[in-house]
Structures are given as structure tokens and as C-alpha cells.
Amino acid sequence: MEAFVSALLNGVLLGLAYGLAAIGLNLIWGVMKVINLSHGAFIALGMFASYFLFHSFGLSPFVSVILVLALGLVVGMVAYFIALHRVISAPELSTLLSTYSLSLIIIGVGTFVFTTNPRAIDVGLGSLHVLGTYIPAAKVLTGVYSLIFTVLLYIFLYKTWTGKAIRAVSMNRVAAEFMGVNTTFILSLSFGIGIALAMVAGALIASVFPFTILSGGVYELKSFVICVLGGLGSPLGALVGGLVLGLLENVLTLKMSVGYVPFIEFLILVVILLVKPSGLLGKE
Amino acid sequence: MSEVVLKVENLETGYGEVQILWDVSIEVKRGQLTTIIGSNGSGKTTLLRAITGVIPVWSGRILFEGEDITRVPAYRRTEMGLVMVPEGRMLFPEMTVLENLEMGAYNKRARSRMKESLEFVLELFPRLKERLHQKAGTMSGGEQQMVALGRGLMASPKLLILDEPSLGLAPKLVIEVFEIIKRLREQGITMLLVEQNVHLSLMLTDWAYVMAEGRIVMEGTGAELERSDEVRKAYLGV
Ligand SMILES: Nc1ncnc2c1ncn2[C@@H]1O[C@H](COP(=O)(O)OP(=O)(O)OP(=O)(O)O)[C@@H](O)[C@H]1O
Ligand SMILES: [Mg+2]
């Protein structure tokens with residue numbers, strides 16, 4: 001029973017973080033119609049940014065996450081102009097190749113600089129006693145922070161002029177331009193936000209699990225599964241999808257080895273694509 | 001003589017390698033309703049796309065209030081007061097009616113006047129009042145056209161461009177759209193209208209151009225064009 005409660009709590013907390021990462025992928029798809037194959041690489045980059053800020057400046061990941069967010073925003077916006085701007089209206093294959101090469105560059109350079117030795121951030125915050133079970137405080141903070149970032153994004157998208165412009169561009173780019181929206185800026189900003197969320201999720205997860213520069217791939221797969229679960233283009237769906245995946249993962253590993261998790265995730269992906277391609281929560 | 005708001009000079013453009021517009025020149029005067037008629041595929045929408053800046057111009061010039069805007073990005077033109085109500089309405093389907101109207105007032109000039117504009121639009125389209133929180137994508141065609149017109153008016157236009165606002169509407173709603181255009185004209189709003197509904201638009205318009213195969217082939221007052229044999233044969237079916 002205690003193990004089960006613990007699995008549920010872990011599932012929710014990690015699920016929120018997975019959801020946050022997926023929202024980054026989802027936003028980029030929704031606004032730009034670009035499948036961002038550099039998503040995982042940026043998650044890993046977020047992990048290393050957090051690691052570096054922790055070991056060189058002694059900043060806790062839960063403080064430095066703001067810096068990672070800002071860094072991600074800038075890097076993402078610059079990356080948009082370098083890698084995507086010229087191919088944004090081209091057929092999808094071009095943007096796929098373009099984000100894939102971005103991923104190859106980040107992982108290539110990252111492997112050279114950081115090697116593939118595992119790293120960890122030991123925040124040393126101890127554990128919290130919740131519902132009769134012990135949960136690492138870092139994990140609790142990771143979940144709470146993820147939820148806060150998700151809510152802030154939601155408020156930004158629905159309550160501010162810029163956020164509404166992002167949604168408008170996602171629905172009809174030309175119409176948004178007719179409204180006086182600088183759509184080029186909005187596209188780069190959306191990529192910036194998507195990358196920033198991926199890096200933030202990486203930075204938070206790095207306080208919970210050890211990682212290497214290659215770890216992003218695992219979380220990229222999770223993000224894709226979550227987007228398919230929740231329906232591409234729906235941020236709320238991504239949150240729910242994240243929770244579902246987090247719970248599944250933690251409850252299933254009570255009975256089976258962790259090694260099966262990617263296999264199960266992939267299975268979910270394939271089954272949903274076969275049965276309901278628009279996503280479990282997606283519209284037709 | 002009233003002042004010229006929009007002047008298009010010897011404009012040529014097209015898509016890819018294919019030229020669509022040939023040496024097109026038109027003028028729109030302040031406070032007037034100017035209409036472009038022409039059969040399907042004659043290049044009317046293409047001309048409006050060039051005027052609003054969503055496709056590049058190959059040669060020729062576009063002047064708005066005396067300023068050369070040929071190379072100005074589309075969103076800037078909206079800020080300047082050149083506002084488009086596009087063919088097919090192009091609403092933001094997942095946004096509510098209110099959000100769509102608010103997006104109309106996105107440009108800086110319009111934002112500060114948003115409250116008054118909204119009152120004006122809701123007075124013009126009282127039916128939208130009960131539907132402010134409905135998703136625009138779930139409305140009927142006629143209602144969507146009202147939202148599209150309202151959204152254009154929210155932008156505080158100095159020139160309102162309407163691309164086939166009556167397209168696909170039932171006859172009763174077509175009349176309603178023209179009633180609205182008439183009212184806007186009485187309010188002194190400068191408009192450039194593209195229409196297939198030749199008879200109704202020629203009745204209302206101050207000046208009209210006829211487009212065929214990417215060229216302006218005729219121009220005159222509505223009454224003049226309605227009397228002309230070519231227009232009668234080609235567009236009025238008499
Ligand atoms: N995006 C595009 N790419 C290539 N050709 C186009 C494109 N849009 C329009 N055309 C072509 O340009 C020509 C003029 O089209 P346009 O839409 O300007 O006509 P229109 O007068 O607005 O017609 P309608 O009354 O049907 O709206 C047509 O031959 C059309 O096939
Ligand atoms: Mg047209």
C-alpha cells in the first residue's frame with residue numbers, strides 16, 4: 001500500500017515535469033507546424049546548464065531555473081532565425097531536417113565538451129514525509145515548479161496581447177498578420193518559449209535523476225507519447241498526458257523492470273496512432 | 001476633389017513564375033466606396049494581397065496616404081490603418097467572438113480605442129452581443145461574416161478592404177451585408193470592396209473598376225458601368 005501511494009505521488013510529480021517538457025514540443029508544433037527533433041537535445045542542454053550553474057556558482061536548480069528559462073528563450077529565438085526562418089513555409093521535410101541537424105550539432109558538441117559520463121546534481125534537500133511515505137524534496141519541488149510554469153504559460157497565452165497573438169498565429173498565420181501581428185517575431189518567440197520550456201524541464205529533472213548529454217532522447221520520446229496522448233496542439237492535453245504517462249510509468253515499475261518503460265511508451269505511441277490518431281483528448 | 005487615400009501605380013505581380021497582374025493602376029478616395037468587379041480568377045484577391053503586403057510586388061508602386069508602402073511589411077500596413085477583411089473570413093476558430101474582435105484591435109493605434117470600437121461594432125451587429133463567448137468556429141456562415149466585418153472595424157481602419165463579404169451567404173444575408181456596407185459608407189468610412197454581386201455593388205459604389213485576366217479593363221461610376229454593354233453582357237447576364 002505504501003509502495004503504491006509512493007508510486008502515485010512520484011507519478012504525479014514527475015508527470016508534471018514530463019508534461020512541461022511536452023508543452024514545449026506541443027507549442028512549437030501548434031504555432032509553427034514544426035516537429036522539433038532538437039527537443040531532446042535542448043532538454044539535455046537544460047540539464048547541463050543547471051549542472052554548470054550548480055557546480056560553478058553554487059546556485060540551486062530551483063533558483064537557477066529562472067536563468068535557464070531566460071537562456072532557453074534567447075537561444076531558441078536565435079536558433080529560429082539560424083535554422084528555421086528560411087524554411088518555415090517550405091514542406092515539412094525541410095523543417096524536420098533542420099531541427100534534426102540542430103540536434104546533431106548540440107549532441108555532437110555536447111559529447112565532445114561534457115563526454116558521456118553520467119552526472120548528477122545533489123541538491124541535498126532531504127526528503128519530505130507525505131501521506132505516510134518519503135519523497136525527495138527535489139522531486140516535490142520539480143513537480144510544483146512544473147505546475148507553476150504550466151499555469152504561468154497558460155495565463156500568458158490567454159491573458160496577454162502577445163500570448164493571444166501566439167494563439168492567433170497558431171490558428172491562421174495570414175489572418176494574424178492582417179491584424180497587425182508581426183508574425184515573424186511571434187514565430188521566433190514561440191520557438192524560444194518552446195525551447196525554454198524544454199530546457200527548464202530538463203533542469204528540473206536533472207535535480208532528480210542522473211543524466212548524460214544523451215539523456216534528452218529518453219525524454220523526447222516521452223514528450224512525443226504525451227503529445228499523442230493529449231492531442232497535438234493542445235497545451236492542456238499535454239499536461240494531462242504528462243500525468244497519465246508519469247503515473248503509468250511509476251505504477252508499472254512496481255511490478256516490472258525499469259528497462260521496459262521505453263518499450264511500453266513506444267507501444268502506447270503506436271497503439272494510439274493506430275486507434276485514435278488525433279490523440280485521446282484531441283479533436284477529430 | 002476629395003483626397004486620394006490609396007494609389008496603386010502600374011502594379012505587376014504573381015505567384016512563383018506565373019504573372020497574374022498586368023499594369024494595374026487604381027485609386028481610392030477618402031470617404032468613398034470603391035469597388036472592383038471581375039469574374040472568378042481575374043486577379044482581384046491577388047491585387048488585394050499585394051495591397052495588404054502578404055505577397056511581394058514585382059514592379060509598380062503602392063501609395064497609402066501619400067507614403068510609398070510597396071516594401072512595408074503587412075503587419076505595419078495594418079498599424080498604418082490599411083485593414084483587410086479577407087476572403088473566406090479567416091476567423092480564429094478556437095477563439096471566442098470577443099477574442100476575435102479584440103484581436104482586431106491588436107494594432108497600437110486601435111488598442112487605446114478598443115472600448116469605443118467594441119460598442120460601435122456591437123451596435124452595428126446586435127446579434128453578436130449574445131454570442132460574445134461562443135467559439136467563432138462554431139458559428140454559422142452569416143454570423144462569421146459579421147464577426148469578420150466587426151473584427152476589421154475594431155482595427156480603426158483608415159481604409160477598410162473587403163474581399164467578397166457576401167460570398168456563400170443566403171440571399172437575405174447578402175442584402176444584410178450590403179445594408180451594413182451602406183451604413184459604413186454613410187458614416188464616412190473609406191472602403192475598397194471586391195464583389196461578385198455586381199448589381200448590388202454598382203448601385204452603392206462611388207467608383208468602380210472592372211478587372212479581367214489580371215488587367216483593369218474599365219472604370220467609371222456605378223451608374224456608368226451598369227449602363228455599359230460589356231458589363232451588362234459579362235456580369236449582369238442581360
Ligand atoms: N496562392 C496561389 N498560387 C498560385 N496561383 C494562385 C494563387 N492564388 C491564386 N492564384 C491564381 O491567380 C489567379 C487569380 O486568382 P485570384 O484569387 O486573384 O482571383 P479572384 O479574382 O480573386 O477570383 P475569385 O473571384 O474566385 O475570388 C487565378 O488564376 C488563380 O488560380
Ligand atoms: Mg478572390
Side-chain angles (χ1 to χ4, degrees), chain A residues 23 26-27 29-33 81 85-91 94 153-190 230-238 278-279 281-284, chain B residues 15-16 45 48-49 51-55 72-96 98-112 114 135-138 144 147-148 150-157 160-163:
Chain A
I23 289 172
N26 211 324
L27 186 77
W29 165 258
V31 179
M32 314 173 71
K33 308 294 174 274
F81 284 106
H85 184 58
R86 275 160 298 172
V87 289
I88 192 74
S89 300
S94 314
L153 178 74
Y154 190 85
I155 293 172
F156 172 69
L157 288 178
Y158 283 83
K159 300 289 173 206
T160 69
W161 279 106
T162 309
K164 286 180 189 184
I166 290 178
R167 287 167 54 224
V169 170
S170 80
M171 292 174 219
N172 193 324
R173 198 182 301 168
V174 174
E177 188 85 20
F178 283 144
M179 301 301 113
V181 174
N182 181 347
T183 53
T184 301
F185 171 74
I186 292 294
L187 290 175
S188 75
L189 180 67
S190 303
L232 267 172
S234 138
L236 194 67
S278 58
L281 303 169
K283 297 179 286 296
E284 285 316 308
Chain B
Y15 303 99
T45 297
L48 297 187
R49 284 196 187 122
I51 292 173
T52 49
V54 293
I55 59 168
V72 171
Y75 74 93
R76 281 261 161 74
R77 300 186 198 194
T78 308
E79 281 173 4
M80 294 170 80
L82 192 128
V83 173
M84 174 80 155
V85 177
E87 184 176 351
R89 313 187 246 279
M90 290 198 187
L91 295 182
F92 303 115
E94 297 294 319
M95 286 187 179
T96 64
L98 183 61
E99 283 178 309
N100 268 277
L101 294 176
E102 283 171 357
M103 277 312 292
Y106 181 86
N107 77 75
K108 289 185 197 74
R109 238 167 16 86
R111 248 182 242 190
S112 53
M114 190 160 89
K135 289 235 170 97
T138 64
Q144 291 198 14
V147 179
R151 192 178 63 173
L153 289 166
M154 292 293 293
S156 295
L160 187 64
I161 303 179
L162 308 170
D163 193 356

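Residue numbering restarts at 1 for every chain, and letters A, B, ... go by the order of the sequence lines.
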Worksheet item: Counting only heavy atoms not in A:K33, do more than 12 sit closer than 6.0 Å to its NZ atom?
Response: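 Yes, because the 6.0 Å sphere around NZ of A:K33 holds more than 12 heavy atoms from other groups.
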Go through the atoms of [X] and report whether side chain, backbone, both or neither lie under 4.5 Å from a heavy atom of chain A.
{"X": "B:R77", "answer": "neither"}
{"X": "B:A74", "answer": "both"}
{"X": "B:E102", "answer": "both"}

Discussion item. If we define contacts as heavy-atom pairs under 4.5 Å, which of B:R89, B:R151, B:E79, B:M80 has the most with chain A?
Written reply: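 Between B:R89, B:R151, B:E79, B:M80, the count favours B:R151.
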Do [X] and [Y] touch side chain to side chain, with heavy atoms closer than 4.5 Å?
{"X": "A:Y158", "Y": "A:K164", "answer": "no"}
{"X": "B:Y75", "Y": "A:T183", "answer": "no"}
{"X": "A:T184", "Y": "A:F81", "answer": "yes"}
{"X": "B:E99", "Y": "B:F92", "answer": "no"}
{"X": "B:T96", "Y": "B:L101", "answer": "no"}

Worksheet item: Do you know which two heavy atoms are closest between A:I23 and A:A238, and how far apart they sit?
Response: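 Looks like CG1-CB, 3.5 Å.
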Worksheet item: Considering all heavy atoms of both residues, which atom of A:L187 and which atom of A:I88 are nearest to each other, and what is their separation?
Response: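 Reported closest heavy-atom pair: CD1-CG1, 4.0 Å.
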Worksheet entry | residues 171-179 of chain A: residues contacting chain B (heavy atom under 4.5 Å, by number) |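 The residues closer than 4.5 Å to chain B, in numerical order, are A:M171, A:N172, A:V174, A:A175, A:A176, A:E177, A:F178, A:M179.
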